[in-house]
Amino acid sequence: MSSEQDKKQKTHQKKMEALKESIDASVAAADIDRGVGILLTGNGKGKSSSAFGMVMRSLGYDYKVGVVQFIKGQQLSGEEIYVREKCPSVTFHQMNTGFTWDTQDRSSDIAAAKTSWAIAEEMLQDESYHLVVLDELTYMISFDYLDETNIIKALNNRPGNQSVVVTGRGGGSALKAWADTVSEIKDVKHAYNEGVMARKGIDL
Ligand code: ATP
Ligand code: MG
């Protein structure tokens, strides 16, 4: 090793030691063992896919998982196929009954939202669920399909060991105040705006 390389190695080692010390200190300081509330919002890509990343992580430990998707797109998604076909242990519900962007029938949308929320509420009262994902829930609040106060109450009253991930654009101040972790994903750019089609396994 040249003396220049040796110097770089020593500097690097010092930096890494300091970093390790600070990480070890914060790991030691985090001694509260409980479920967490997570809000993934913002206009950038990565909210639902991150939530399904946590589904996969939880399943790795054989934890019980529940998923309620509050918007059914016209398009089938890879996560829906995978969870329905390969993860029989996951309770999966999609708000599809009578819900369509085409007819824009507000009353049937509200009815479907309420049915889906009732299923979500059951999960939020069941301590056997380690993780509950409420995908695209934010829209139910912004469209005024579901009562925000009621939602926050159910989220706050969930079992202590249960974690909940809420996704969707426009997550407002009440959800932000409820959540322990809030990530607002910024849309820097998206391939779709360059005319690239949505890709299976990537976007759907
Ligand atoms: P993903 O499911 O890929 O994690 P998301 O949940 O963050 O995306 P949504 O608003 O739910 O985003 O939109 C879902 C679909 O829209 C995905 O196919 C995603 O790639 C696409 N999408 C997300 N953000 C953008 C964007 N800024 N511009 C165009 N398309 C987007
Ligand atoms: Mg999404």
Side-chain angles (χ1 to χ4, degrees), residues 36-60 65-87 90-104 106 109-110 112-117 119-121 123-124 129 131-146 148 151-152 154-155 163-176 178-204:
V36 289
I38 301 175
L39 173 67
L40 303 173
T41 190
N43 296 334
K45 171 182 163 54
K47 300 175 289 295
S48 298
S49 42
S50 167
F52 279 91
M54 286 176 262
V55 169
M56 195 175 85
R57 282 184 171 169
S58 293
L59 293 178
V65 173
V67 178
V68 179
Q69 289 195 305
F70 283 88
I71 282 191
K72 187 194 186 308
Q74 303 304 328
Q75 201 88 43
L76 193 67
S77 69
E79 65 264 26
E80 179 185 352
I81 299 168
Y82 188 77
V83 169
R84 282 199 198 278
E85 291 182 7
K86 308 268 170 52
C87 309
V90 175
T91 316
F92 185 83
H93 174 81
Q94 215 171 42
M95 187 177 97
N96 48 10
T97 327
F99 186 87
T100 155
W101 296 110
D102 296 332
T103 58
Q104 299 183 356
R106 192 174 154 82
D109 288 356
I110 292 174
K114 286 190 169 158
T115 305
S116 300
W117 174 247
I119 291 165
E121 254 185 329
M123 294 175 181
L124 296 172
Y129 284 100
L131 171 67
V132 175
V133 172
L134 304 175
D135 195 28
E136 321 296 352
L137 177 67
T138 57
Y139 303 103
M140 301 302 101
I141 297 170
S142 53
F143 297 165
D144 214 11
Y145 287 178
L146 296 174
E148 185 177 61
I151 289 174
I152 300 294
L155 290 171
S163 294
V164 178
V165 181
V166 172
T167 83
R169 298 179 189 205
S173 55
L175 278 173
K176 283 181 178 160
W178 156 76
D180 300 292
T181 300
V182 178
S183 292
E184 204 155 62
I185 300 180
K186 187 178 161 192
D187 177 28
V188 177
K189 59 178 177 174
H190 195 289
Y192 180 74
N193 297 320
E194 285 174 29
V196 181
M197 287 163 68
R199 289 186 74 73
K200 284 184 178 171
I202 307 299
D203 299 297
L204 47 104

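These values consider heavy atoms only, across backbone and side chains, with no hydrogens, waters or symmetry-generated copies. Just follow the structure's listing: the first ligand is 1, and inside any ligand the first atom is 1.
- Expressed to the nearest 0.5 Å, how far CD1 of Ile151 lies from CG of Leu124 amounts to 10.0 Å.
- What you find for Leu40 and Ala51 is that their closest heavy atoms are CD1-N, 4.0 Å.
- The minimum distance between the Mg ion (ligand 2) and any N, O or S atom of Glu136 involves atom OE2.
- Looking at Thr41, its side chain never comes within 3.5 Å of a backbone N or O of Glu184 through a donor-acceptor pair.
- When all heavy atoms of Leu134 and Ala120 are compared, the closest pair comes out as CD2-CB, 3.6 Å.
- Of all heavy-atom pairs spanning Lys45 and Ile202, the tightest one is NZ-O, 2.7 Å.
- Around ligand 1, the residues contributing at least one heavy atom under 4.0 Å from the ligand are Asn43, Gly44, Lys45, Gly46, Lys47, Ser48, Ser49, Glu136, Arg169, Asp187, His190, Tyr192, Asp203.
- A distance of 10.5 Å separates CE of Met197 from CG of Asp203, quoted to the nearest 0.5 Å.
- The local environment of NZ in Lys176 is crowded, with over 12 non-hydrogen atoms from other residues, nucleotides or ligands closer than 6.0 Å.
- Taking 2.8 Å as the threshold, Ser48 counts as a candidate ligand of the Mg ion (ligand 2), since one of its N, O or S atoms lies below it.
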